[in-house]
Amino acid sequence: MPKSIGVKSIIGGVCLALLIFMGTSVIAYSQLTQLMELSRWMDYSDKSQEQLAAVVTQMPRTQLSLILGYSLSIAILIVLCGLLLKPHFRLKAEIEPTCDRPQSETTLEQMAQREQLILSSAQRIRQTLDLDTILDTTVTEVREFLGVDRVLVYRIWSDGTGSTVAESVTPDIPPILGQTFPAEVFPEQMHQLYCQGRIRTVVNPETDGVTPCLVEFLQQLGVKSKLVVPILQQEKLWGLLIAHHCSQPRQWQSLEIDLLYQLAIQVTIAIHQAQLYQQLQHELIERQSIEAQLRQARDQLEIRVQERTAELMQTNADLQTQIHERREAEAALRISEERFRVALHNSPITVFNQDTNLRYTWVYNPASRINTDALIGKSESEMFAPENAQKLIPIKHRVLTTGVGERQEISIIVEGKVRYYDLTVEPLRNHAEEVVGITCAATNITEIRIREQALRESERFIQRIAHAMPTALYLYDLIEKRHIYSNQQITQLIGYSPEEIQAMAPTFPQNLIHPDDQSKCTTTIQRFVTAKEGEIIETDYRIQHKSGGWRWLYSREMVFTRTADGLPQQILGTAQDITEHKQAESIRLALAQEQELRQVQLNFFSMASHEFRTPLSTILASIQLLKYYYPEGSDNRIRRNIDRIETTAKTMTQLLGDILTISRAETGKLDFTPHPLDLEEFCCNLVEEMQVNAGSNYSINFINQYHYPLVCLDEKLLRSILINLLSNAIKYSQKGSRIDLILTCSQSTATFQIKDSGIGIPVEDQKKLFSIFHRGTNIGNIPGTGLGLAVVKKCLDIQGGTISVNSEVGVGTTMTITIPLPSA
């Protein structure tokens, strides 16, 4: 019964959708026929999906816009029904021969539920354009239908990463909604397989041949089985529809795979529908914008017509006003001419006219002691001295020739004194615009020039004083943020010339002050507001030199002028370079800190050496007692531990001796007490002692190249030097190596050479070879303290000796010690 009802319902839905679709008359008959044929013969192949996408994408945009409301959803429903019929009847043919009736009914019931789920998904696509709502509802219904723990939609982005954009998960499973996963989770080679329509089922990741990295990733998510169906859009992989089963491995049924595949097609349709809807919305917004622009243009045109009409009316009114104003101007001109005559009569300006022969035709306000009537008809040569006429005549001839007026400042000698005049010469024209003479105006500016010359002399005097100052002198405007004046000393301080400083306004000097001193300089400027008259404000700050370095400046500034409101406007200040003083102060502080730290270090060395020496002596005495009770040949384990303790105690004793030697040398308390010494006997005993400590692993040879009687040396210091050097040679040489101690004496010096074939010393380490606690970069795990060579250097320095190093990595090292021999 459920089987027949499902098929009839599907056939009835198809017929009803076809009738409604034909009634809309939107899609062409050929396209409708193509969709129906495609729905009849479509299976789950990739080719069928491509044909369906091609038919839908070839429709005109206007048709797709109307179909989004009704027709497209119904047409897609017809296609989906065609998709559903074939797997339904195929599955029916597979089930009926092999299954009993109850199982068939269960399968048909599941098919009916699946068809109902697909139809409800298609219905949602028709009812809403919200892709997020469709995806959320789809994953929820699929999870409930399949009875799995999680169903999600995984969106793949253009950079290869992916995100969970929709998820339905049981409460006991951690959600992954919104998480973004790197591109390694979904490699590029998998894209091509899914683009070809691949459906992947994983029953058990550990047995299905899944890659180890994917197995580890699924274990992190707690997934036992999964089913993955691609979501394609225009032959491109948009994302994946994934079902996770987390409780136990699950065998996926074909019905479940078909359901997920069909719903993936539904999601593809929903995505395409949402994109079309967004495109329509965008086109609608563009159309509304264009209509608004057209309305605005129409309104602007109307406004322009109104404005033009108003302009014409205003122009007519202006013409009437101009006629009235011109009449009033003519009357005012007559009054002005009278006023000008009166004003000219009382002004210090001399005005006169000359003809083309430069003879005076009219003179007004002539200079004192000159009769106006005496000037009329006379020329320059007849009225002035030759040297004065030679200055005036060329100017006036140029104006007569070119018709262009000139204004110059001239100086002439009157009654034996130099007089300065501001002379203006303009061409005089008739009604035909012909030049018939000149009009001249001369103003006596002698007193102004004398005052200006005195002011310039005063400025030069002040400038010489400013340039002779050893400090920089400047005048800065706080309101305009510019330097009004700077002497040449500013260039020595910061490298910029006064002209370059002026060009940097208004960013100078703020952009050159050190960031740590910006707040200090801002506080100084704020202090000017409340500063008293003549109060000097001192500041030190860092400023960047033109070369890029930082210079310390010490400035003394005061308010030079204030605004009408009493606020500081101009600042007068001096600045001097205190960089060396600051550096010296910084060095002094650093030296003091270093000396204090060095003293603490030396005190610690001295204390450690004295405090540890007594317990170490006790340990060594106890070791000697234990060796007496456990002689060689007794319990080997106890004897080895006793020897190990003895070796460690001697090492610590040597270390404390080295520390004490360095401490005494640093404090000037290292004693140097030379006395007669047989070097050959001393070296033989030392080599024998070192050979005993080294055992049979190394061969230490003493070579005496020159026999000499007793020499005067400090045996204790020499022993410390040679033990440290021989110990280093043994420590950094391979077992079985040979180490040579070579003695060479002259009448004034004793020379010792220690040669080994050890690991050698890198060149970069040789520079710091005698620094305390410094060890080579190639020593590996070889134990050591880094004090031995420092002790050697201290012991040599107090004797006036020297040490040289000749070393090659992997070949060996030769240490050469030279000690001067005092007179015995």
For [X], what residues pass the salt bridge (charged side-chain N to carboxylate O under 4.0 Å, His left out) criterion, not counting sequence neighbours?
{"X": "Glu808", "answer": "none"}
{"X": "Asp540", "answer": "Lys520, Lys582"}
{"X": "Glu538", "answer": "Arg556"}
{"X": "Lys793", "answer": "Asp797"}

> Does atom CD of Gln734 have more than 12 heavy-atom neighbours, drawn from other residues, nucleotides or ligands, at distances under 6.0 Å?
Replying inline: no
> Under 6.0 Å from the NE2 atom of His675, do we count more than 12 heavy atoms belonging to anything else shown?
Replying inline: yes
> Going by distance alone, is a donor N or O of one side chain under 3.5 Å from an acceptor N or O of the other, for Thr539 and Thr524?
Replying inline: yes
>> We want to know whether Thr491 and Ser497 form a side-chain donor-acceptor pair, criterion being a heavy-atom distance below 3.5 angstrom.
In response: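 Absent: no donor and acceptor within the cut-off.
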>> Is it the case that the side chain of Asp756 and the backbone of Thr813 share a donor-acceptor pair, with hydrogens and angles ignored and the cut-off at 3.5 Å?
In response: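 Judged by distance alone, yes, a pair lies under 3.5 Å.
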>> Treating Glu206 as the side-chain partner and Val215 as the backbone partner, does any N or O pair qualify as donor plus acceptor under 3.5 Å?
In response: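 Side chain of Glu206 to backbone of Val215: no pair is present.
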Can you tell me how far the [atom1] atom of [X] sits from the [atom2] atom of [Y], to the nearest 0.5 Å?
{"X": "Arg527", "Y": "Thr522", "atom1": "CZ", "atom2": "OG1", "value": "13.5 Å"}
{"X": "Gln179", "Y": "Leu221", "atom1": "CD", "atom2": "CG", "value": "8.0 Å"}
{"X": "Asp740", "Y": "Asn701", "atom1": "CG", "atom2": "CG", "value": "5.0 Å"}

Under 3.5 Å, which donor-acceptor pairs do the side chains of residues 681-692 form with other protein atoms, sequence neighbours left out?
residue, atom, partner, partner atom, Å
Asn685, ND2, Glu681, O, 3.2
Glu689, OE1, Arg719, NH1, 3.3
Glu689, OE1, Arg719, NH2, 2.8
Glu689, OE2, Arg719, NH2, 2.8
Gln691, OE1, Ile700, N, 2.9
Gln691, NE2, Gly695, O, 2.8
Gln691, NE2, Tyr698, O, 2.7

Do [X] and [Y] touch side chain to side chain, with heavy atoms closer than 4.5 Å?
{"X": "Leu679", "Y": "Asn704", "answer": "no"}
{"X": "Asp516", "Y": "Arg542", "answer": "yes"}
{"X": "Gln705", "Y": "Thr751", "answer": "no"}
{"X": "Asp714", "Y": "Ile798", "answer": "no"}
{"X": "Pro498", "Y": "Ile490", "answer": "yes"}
{"X": "Leu796", "Y": "Thr802", "answer": "no"}
{"X": "Val559", "Y": "Glu533", "answer": "no"}
{"X": "Thr471", "Y": "Gln489", "answer": "no"}

> Could you give all pairs that pass the ring-ring contact (aromatic ring centres under 6.0 Å, His included) test and reach residues 474-499, with sequence neighbours left out?
Replying inline: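 Counting only pairs at least two positions apart or across chains, the ring-ring contact (aromatic ring centres under 6.0 Å, His included) contacts touching residues 474-499 are Tyr474-His483, Tyr476-His483, His483-Phe508.
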>> Could you report the tightest heavy-atom contact between Asn487 and Ala472, atom names first, then the distance?
In response: OD1-CA, 3.5 Å
